[in-house]
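Proteins come first, then strands; the chains are lettered A, B, ... in the order of their sequence lines, and each starts at number 1. These values consider heavy atoms only, across backbone and side chains, with no hydrogens, waters or symmetry-generated copies.
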Amino acid sequence: MSSAFDPQLVVRAQRGDDAARERLLRDIEPILRAFFVRRLNQADDVDDLVQNTLLRVHKGLDDLQKPDRLKAFSMKAAFFEIQDFYRGRYSMREALFDPDLPNPGSSAPENVGAGIDAERALELLSSKARKILELREMGYPYVEIAEMVDTTEAAVKMQVKRAFDRLRKALVSAVLLLILFP
Amino acid sequence: MNDFNNLIVNGETLSKRERERLAASLKEDEDLAATMGMWQSVLESVREKMAEAPSSEMLILYALSGEPLPGKTQGPESLLSADEQRRLDQALPEIRAAVERHPSIAAVLEKMREDREVFEVLWEKKPRKEKTFSDLLAPDRAPRPANRKPVRRWGYRVAVAAAVAVFVGIAGSLFLRDFQTETIHASERQVVTLDDGSQVELAEGAELRRPRGFLGRDARRVSLLRGNALFDIVHDPNRPFRVETRNAEITVLGTTFGVNASRASTEVTLVSGSVNVGLRTDPKTAVTLEPGERSRVVAADAPSEPESADVSSNLAWTGDVYAHDVALSGVIRQLEERFEVSISVDDGLAEERVTGVFRHEHGVEDALEKLALALDAQVEGIEGGYRLVR
């Protein structure tokens, strides 16, 4: 009896054997499900991630030149789905700003009242804060960012808050400078 | 300012109450509004820079390749095809330059390598049947990669502050259920692990009733008969988690909370996330708590309106320090008490607002390191204790 990962099963599936293809996908599914549940530590969206990954595997199976590379092929498909997930394809991403709130104003110099531009403002942030903001921008939630920088979620959030406070202080300083030295 | 912090830090969808308060704040404070505008620009600048970073595909190929991670000398076996390796080789200079510019990319590559290890272990284990969520969190789950640092990941914790209630006789039939249950009487502080991986920390004297084995297919339920308990709940939207006391029901919406139950009263204090608290006999009375709020259910009265709570005091029984947007000086005082050590801080730090949970079991140095990280400060050892300096 052939196993799910028998290269011959892959070859049969590639040659049009629907039963083989179905068997292949059915046996890969629990691996994907287990991976996504552990990876995300939650049950939300797992069904969609699993189905979309299986769809990638199904669509790309015919192009798999070496049947014994099924593991790498499936892994790549799963990783792509994770990246899509972080980029907001699956659900409303944790946004860093709520678009429905009143517009607090643009960053045009006349609105911020001082000559600090975004580039300079970015330089004011610590490297830790920049790292966290970059990871947020890539779509990683705070709980994962905390693991990636080896600290707690609360500490990560405090870093973001402090980055904002630092910016605010710099802006006030710039305004004072402008007033004192017009 | 809590709503504002929520917006800046959490970016979560705000409740109607939060929106209204925040909109009012921005209207009244031009400086704040101007800073928000600059903040937006900074985030857009970060977004633009990250758009120039190597594509997801290249990062994934790197993770599947045999290239060593930044800072390391050896990599794993390559899983790439010849064509994929060629494409990666062409992109390597760009990837290395990007890692130099953006340390976050090194963190992403490290994370992907960890994912690879997990996937490979699962592939070899070849689960043969579709597992339930509970099965997947059972003790035989795939081990964490060997070089991964252990960082505790909090699920949903509910903290309920103990409330001393006026004794009122309550009919004892509230907890009759037709499932097999067991009652745990905590003679000292203990942690109980449920079948879904959730954990309940019971204070001395607490009593918890839980089903034997499987918590439930559609909803997960436990009963806190009396005492203090801290719930660390694994999120599963298909099976909401409910804690019942003699008179109240707490529905976990995604959260960290503690519950204290006496014969006639239940008090719930929310650390983070969201819970609904209502009468068991009338779920329509439920109120929704926001972080740092508490509500009390006395006898058969509807829950009290949410009000600000002293989270740390209410959870002092855990031995841990819970801080929710409080001055550092207060947190330091509590750490000094818990760990019987002297801690001083620079004047400029004392009034900094902090939020976090500092577990007693992790020690005072761990707590101070986390505070230092959040405040861009450093921990110095001094005679008899520590000092936080910037």
Side-chain angles (χ1 to χ4, degrees), chain A residues 4 30-31 33-35 37-39 41-44 69 71-72 75-76 78-80 83 94-98 101-102 104-107 111-113 116 118-119 121-122 126-127 131 133-135 137-138 143 146-152 154-155 157-162 164 167-168 171-172, chain B residues 5 7-9 11-12 14 19 22-23 26 31 33-43 45-47 50 56 60 64 79 81 102-104 107-108 111-112 115-116 118-119 122-123 126-127 129-131 133 136 141-142 149 151 153 235-238 354-357 370 373-376:
Chain A
I31 297 172
R33 190 169 296 279
F35 173 71
V37 167
R38 280 164 178 74
R39 181 63 178 72
N41 198 35
Q42 59 170 4
D44 297 4
R69 292 200 66 253
K71 178 180 77 174
M75 194 188 303
K76 204 167 71 160
F79 282 21
F80 271 118
Q83 291 303 308
E94 289 172 341
L96 283 168
F97 190 75
D98 188 333
L101 275 176
S106 76
S107 58
N111 283 346
V112 300
I116 297 182
E119 280 298 320
L122 208 53
S126 69
S127 60
K131 188 171 177 178
L133 290 183
E134 287 178 0
L135 288 170
E137 200 41 56
M138 284 192 263
V143 64
E147 285 194 16
M148 292 160 89
V149 301
D150 193 24
T151 185
T152 63
K157 289 179 178 178
M158 277 205 282
Q159 270 287 346
V160 176
K161 175 65 174 57
R162 280 199 44 73
F164 181 86
L167 199 65
R168 190 174 187 183
L171 206 59
V172 167
Chain B
N5 287 348
L7 176 68
I8 293 299
V9 173
E12 292 162 348
L14 302 179
R19 280 173 188 277
L22 190 55
L26 288 175
D31 286 342
T35 312
M36 280 300 298
M38 175 52 66
W39 181 247
Q40 274 285 74
S41 300
V42 166
L43 297 181
S45 181
V46 170
R47 195 169 303 135
M50 295 318 291
S56 295
I60 290 170
L64 268 59
L79 298 177
S81 66
H102 305 288
S104 57
V108 169
K111 182 75 175 171
M112 285 186 178
D115 288 345
R116 171 179 162 169
V118 171
F119 194 97
L122 288 170
W123 189 269
K126 293 178 192 168
K129 67 177 178 72
E130 182 161 318
K131 289 183 178 244
F133 190 61
L136 290 168
R141 64 181 175 173
K149 291 173 189 170
V151 174
R153 227 173 148 172
H235 181 54
D236 181 356
N238 296 321
V354 296
T355 296
V357 178
K370 288 184 167 69
L373 178 71
L375 298 169
D376 281 337

**Student:** Considering non-hydrogen atoms only, spot the tightest contact between B:V46 and A:L133 and give its length.
**Tutor:**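 For B:V46 versus A:L133, the nearest heavy atoms are CG1-O, 4.0 Å.
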
**Student:** Working to the nearest 0.5 angstrom, can you tell me the gap between A:E134 CD and B:H102 NE2?
**Tutor:**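 So the CD of A:E134 and the NE2 of B:H102 are separated by 5.5 Å.
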
**Student:** Ignoring hydrogens, what is the shortest heavy-atom contact between A:K76 and B:I60? Give both atom names and the distance.
**Tutor:**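 Reported closest heavy-atom pair: CG-CG2, 3.8 Å.
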
**Student:** Do you know which two heavy atoms are closest between A:M148 and B:A107, and how far apart they sit?
**Tutor:**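 Smallest interatomic distance, heavy atoms only, reads CE-O, 3.6 Å.
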
**Student:** Work out which heavy atom in A:K71 is nearest to a heavy atom in B:F119; give both atom names and the distance.
**Tutor:**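 Of all heavy-atom pairs spanning A:K71 and B:F119, the closest is O-CE2, 4.0 Å.
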
**Student:** Rounded to the nearest 0.5 Å, what's the gap from CG on B:L122 to CZ on A:R39? Could you check?
**Tutor:**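 Going from CG on B:L122 over to CZ on A:R39, the span is 13.0 Å.
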
**Student:** Where do A:F35 and B:D115 come nearest, in terms of heavy atoms and distance?
**Tutor:**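 Minimum heavy-atom separation between A:F35 and B:D115: CE1-O, 3.6 Å.
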
**Student:** Could you walk me through whether A:E147 and B:K111 pass the side-chain contact (heavy atoms from CB on, under 4.5 Å) test, one step at a time?
**Tutor:** CA-CA 9 Å; A:E147 285 194 16; B:K111 182 75 175 171; 3.7 Å; yes

**Student:** Mind running side-chain contact (heavy atoms from CB on, under 4.5 Å) on A:F79 and B:R116 for me, showing each step along the way?
**Tutor:** CA-CA 9 Å; A:F79 282 21; B:R116 171 179 162 169; 4.2 Å; yes

**Student:** Which atoms form the tightest heavy-atom contact between A:M138 and B:S104, and what is the distance?
**Tutor:**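 That would be CE-OG, 3.5 Å.
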
**Student:** Side chain from CB out, backbone as N, CA, C, O: work out which of these in A:Q159 comes under 4.5 Å of a heavy atom of chain B, or both, or neither.
**Tutor:**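 The answer is both parts of A:Q159.
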
